[in-house]
2 protein chains.
Amino acid sequence: MLRRFNHAGDLMRRYRVRTATPREAPLTAGIRDVALWAGVSVGTVSNVLNRPEAVSPATRERVQTAIAALGFVRNESARHLRAGRSRTIGLVVLDIANPFFTDVARGVEDVAAAAGLAVMLCNSDDRADREAAHLDVLTEQRVQGVLITPTAELSPHVEALRSRGTPVVLLDRRATGPGQCAVAVDDALGGRLAADHLLERGHRRIAFIGSSGLPQVHERHDGVAAAVREGAGFEDALTVFSPAHLTVAGGREAAAQIIGLPAGRRPTAAVCANDLTALGVLQEMVRHGVRVPEDFAIVGYDDIDFAAAAAVPLTSVRKPRVELGRRAAELLLDEASDPDHQHSQPVFEPTLVVRESSMVRRPSRAVVSGGIG
Amino acid sequence: MLRRFNHAGDLMRRYRVRTATPREAPLTAGIRDVALWAGVSVGTVSNVLNRPEAVSPATRERVQTAIAALGFVRNESARHLRAGRSRTIGLVVLDIANPFFTDVARGVEDVAAAAGLAVMLCNSDDRADREAAHLDVLTEQRVQGVLITPTAELSPHVEALRSRGTPVVLLDRRATGPGQCAVAVDDALGGRLAADHLLERGHRRIAFIGSSGLPQVHERHDGVAAAVREGAGFEDALTVFSPAHLTVAGGREAAAQIIGLPAGRRPTAAVCANDLTALGVLQEMVRHGVRVPEDFAIVGYDDIDFAAAAAVPLTSVRKPRVELGRRAAELLLDEASDPDHQHSQPVFEPTLVVRESSMVRRPSRAVVSGGIG
DNA sequence: CGGCGTGGTTGAAACGTCTCAACACTCGGC
DNA sequence: GCCGAGTGTTGAGACGTTTCAACCACGCCG
């Protein structure tokens with residue numbers, strides 16, 4: 001109870017001595033200094049920080065005063081060196097500039113913050129080398145777990161992480177096996193929703209615009225194709241256009257091709273693999289005097305913010321982005337803390353957000369001519 | 001030189017024993033295990049990791065084999081508990097969904113990665129409480145420094161960080177005093193560039209669209225006003241519209257007002273405080289059959305990606321975003337490592353990116369009528 | 001008055017790494 | 001055969017925290 005040390009001047013002096021050798025120490029008070037100032041042991045200070053109810057009110061208050069006076073802030077490194085694991089999770093995304101991922105990140109952060117964890121947000125830029133570098137850093141930091149939209153199916157770095165006991169949850173990807181958690185979106189359903197919507201509006205010649213390299217896009221195409229097959233009832237109702245890239249430029253390219261077709265074979269609507277592509281299609285149509293949606297209806301995919309803000313607001317398939325992030329983070333936290341965690345691989349259902357770009361019902365004339373063509 | 005310990009089985013057995021008490025240890029090999037396996041001391045292993053040239057090739061190779069065999073990965077927490085500072089910097093941005101910040105982040109990350117540092121990207125969402133929470137975490141992590149676009153002029157949390165010796169660099173903000181680094185953009189010049197461009201094309205009645213709450217927007221307005229005063233030579237050549245928010249909706253609102261004006265007093269062009277606003281103006285004009293740029297020219301600000309992808313590609317004032325991030329990170333690193341660091345407050349110059357939305361030269365008739373009006 | 005439980009506090013050990021003074025060995029030169 | 005100068009290697013601390021067995025003082029019960 002004897003206070004051997006009780007004002008800041010002493011602390012300063014003590015530090016002057018202690019830091020004689022290193023050129024310029026940042027004068028950071030540690031738990032030890034707090035203990036000295038408050039006249040208690042370090043154990044008690046630690047208790048105040050971690051189990052305040054176990055400390056008598058008087059002592060607690062004295063320690064808290066000391067903490068405030070010295071501007072003490074816990075040292076995470078020390079904390080989690082001791083604990084063996086850090087209070088951080090990693091999130092590795094393909095493209096931080098894509099609004100989709102920023103929303104996912106928001107969901108992740110909500111859950112993490114609620115659990116008192118920090119998130120390290122990393123951008124792989126769809127490059128395997130950057131992804132690997134980020135995973136290395138995360139491993140060194142001993143993160144509690146990693147959420148990742150991987151660049152390739154199976155990265156050895158991901159496997160390495162798993163093999164040392166760090167949970168990894170795949171984001172917006174189907175699991176490659178049962179021994180992992182993964183959150184995904186039912187893209188076949190998304191494609192079907194978009195196609196059904198157009199069929200219902202009377203469209204009978206529909207374009208699908210999207211290169212089929214990515215599994216996700218492939219799934220979307222299959223959904224569209226199945227719906228068209230059932231709904232329109234004949235094969236050539238669906239035409240596929242595959243621009244080089246799923247960008248605005250790619251959309252323009254595809255739209256130019258569509259405009260070039262003879263009127264009798266020209267689709268009256270398009271499902272695009274992506275909103276950027278849809279925006280490109282929209283621009284090119286408007287430029288050539290094709291009215292949207294009167295002459296040509298467009299449905300995008302992803303429902304990015306700019307879809308609603310386009311010259312003609314875009315109908316689009318929305319993935320539950322924030323929810324995707326939340327769920328993934330929850331699975332990760334469960335896997336990290338629950339010893340008998342069950343892997344799960346939820347698949348979210350997308351929804352169709354109808355806006356102006358597909359609002360008009362096709363006059364039945366078109367249906368007939370489509371039916372014959 | 002005697003190898004007391006040389007195959008993985010021994011390690012496993014040793015761990016079985018060591019981890020009897022904690023329920024399920026992740027079986028992570030430490031520097032000590034590597035030393036044991038390679039038959040050297042821990043000091044030597046550390047040397048292999050940090051000063052490989054100081055170790056004989058034979059030993060080095062043996063240690064490296066051990067590292068590979070055990071899958072050893074350094075523990076950052078321990079590393080930087082010892083070092084006193086971590087190999088991480090913090091980046092706190094206002095809105096991670098804004099493409100501007102993602103580009104800035106890219107610049108920051110380039111520089112940080114080159115210096116072997118990790119970046120903790122935090123999103124304050126323009127909320128002071130979230131900003132404070134993030135800064136607390138960064139403080140606990142003992143980051144080497146923080147780059148921040150602050151929500152308010154002077155946050156006590158920022159000051160606390162500075163007072164404990166952590167460098168803080170302001171991003172896209174003017175410094176509030178000489179004792180700090182800050183990277184900013186000359187927004188008055190940006191406004192002037194936009195206005196001069198329009199004046200040069202023959203416009204004599206110009207609108208500025210932007211609420212004047214933010215200092216940045218205010219600066220832009222002043223630049224526009226000065227240019228118009230000098231170039232057009234009379235006062236009412238500039239009309240200011242202040243929508244509630246700098247969003248697409250805000251732009252529409254302002255455009256509706258403009259369209260409502262009698263033709264004789266209606267501006268023929270607008271400088272918008274922001275690309276989102278400009279996109280809104282564009283949409284509303286197109287919707288009312290006002291041709292852009294023939295009847296009305298538009299210049300945006302920020303040059304976000306969607307500016308180029310708009311229905312009519314948007315002329316915009318571009319800030320050197322990636323460069324902004326790079327420079328800020330460089331200043332931070334210098335402040336963190338150079339003991340006699342000089343604070344600096346560079347101001348970047350924006351450039352005008354001319355696209356279709358302002359491409360047409362105003363017929364001289366308009367100039368005359370404008371001159372009289 | 002002795003024994004016992006209880007609420008509060010203590011101090012040392014441990015986490016995994018880096019640093020640094022000290023030591024060992026080798027090789028030339030004398 | 002001894003010395004000195006390298007060149008490699010070692011092992012003990014230290015970093016700041018948490019944990020935990022041990023301890024202390026106190027009041028209560030019998």
Side-chain angles (χ1 to χ4, degrees), chain A residues 1-2 4 15 18-23 25-36 38-63 67 70 72-87 139-142 164, chain B residues 1-2 4 15 18-22 25-36 38-63 67 70 72-87 139-142:
Chain A
M1 194 49 121
L2 170 72
R4 285 157 293 173
Y15 269 108
R18 185 160 98 171
T19 57
T21 321
R23 40 189 169 172
L27 193 63
T28 335
I31 209 176
R32 208 200 311 285
D33 303 305
V34 175
L36 219 50
V40 299
S41 74
V42 291
T44 299
V45 177
S46 180
N47 280 339
V48 170
L49 294 170
N50 303 306
R51 289 192 279 326
E53 74 286 356
V55 179
S56 77
T59 314
R60 197 191 313 156
E61 179 140 348
R62 197 141 38 80
V63 170
I67 288 176
L70 298 176
F72 165 78
V73 178
R74 279 217 269 259
N75 183 327
E76 270 291 303
S77 300
R79 199 153 145 59
H80 300 116
L81 166 58
R82 185 75 227 292
R85 45 149 61 168
S86 83
R87 297 193 68 74
T139 310
E140 289 188 354
Q141 307 247 8
R142 297 291 190 274
R164 55 169 45 244
Chain B
M1 194 51 118
L2 169 72
R4 284 158 293 176
Y15 270 107
R18 185 159 99 173
T19 56
T21 322
L27 194 65
T28 334
I31 209 176
R32 208 200 313 284
D33 304 305
V34 175
L36 220 48
V40 298
S41 74
V42 292
T44 299
V45 177
S46 179
N47 281 337
V48 170
L49 294 169
N50 302 304
R51 288 193 282 321
E53 74 285 355
V55 180
S56 76
T59 313
R60 196 191 314 155
E61 179 141 346
R62 197 139 39 82
V63 171
I67 289 176
L70 298 178
F72 165 78
V73 178
R74 279 214 270 260
N75 182 325
E76 271 290 305
S77 300
R79 198 155 152 41
H80 299 115
L81 165 58
R82 186 74 227 295
R85 44 147 63 165
S86 83
R87 297 193 68 73
T139 310
E140 289 189 352
Q141 307 247 9
R142 298 291 190 275

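In what follows, every chain begins at residue 1, and chains take the letters A, B, ... in the order their sequences are listed.
For Asn47(A), taking side-chain heavy atoms from C-beta onward, the closest of the listed nucleotides dC15(C), dT9(C), dA12(D) is dT9(C). In this structure, the nucleotide among dC18(C), dG16(D), dT9(D) sitting nearest to the side chain of Val42(B) is dC18(C). Nearest nucleotide to the side chain of Leu81(B), out of dG16(C), dT19(C), dT18(D): dG16(C). Closest approach to the Arg79(A) side chain among dG8(D), dT18(D), dT10(C) is made by dT18(D) (side chain taken as heavy atoms from C-beta onward).
Note: Arg82(A) CZ to Ser77(A) OG = 15.5 Å, rounded to the nearest 0.5 Å.
Taking the side chain as every heavy atom from C-beta outward, Arg79(A) and Asn50(A) approach each other to under 4.5 Å. Using a 4.5 Å cut-off on side-chain heavy atoms (C-beta onward), Val45(A) and Arg32(A) make no contact. Val34(A) has its side chain out of reach of Val48(A): every pair of non-hydrogen atoms, C-beta onward, lies at least 4.5 Å apart.
Atom CZ of Arg32(B) is separated from atom P of dC15(C) by 6 Å (rounded to the nearest Å). If you take CD1 of Ile31(B) and P of dG11(D), they are 14 Å apart, rounded to a whole angstrom. For Glu76(A) and dC15(D), the CD to C1' distance is 15 Å, given to the nearest whole Å. Spacing between atom CZ of Arg51(A) and atom P of dG8(C) amounts to 13 Å, rounded to whole angstrom units.
For a distance-only test at 3.5 Å, the side chain of Arg82(A) fails to qualify as a donor-acceptor partner of the base of dT17(D).
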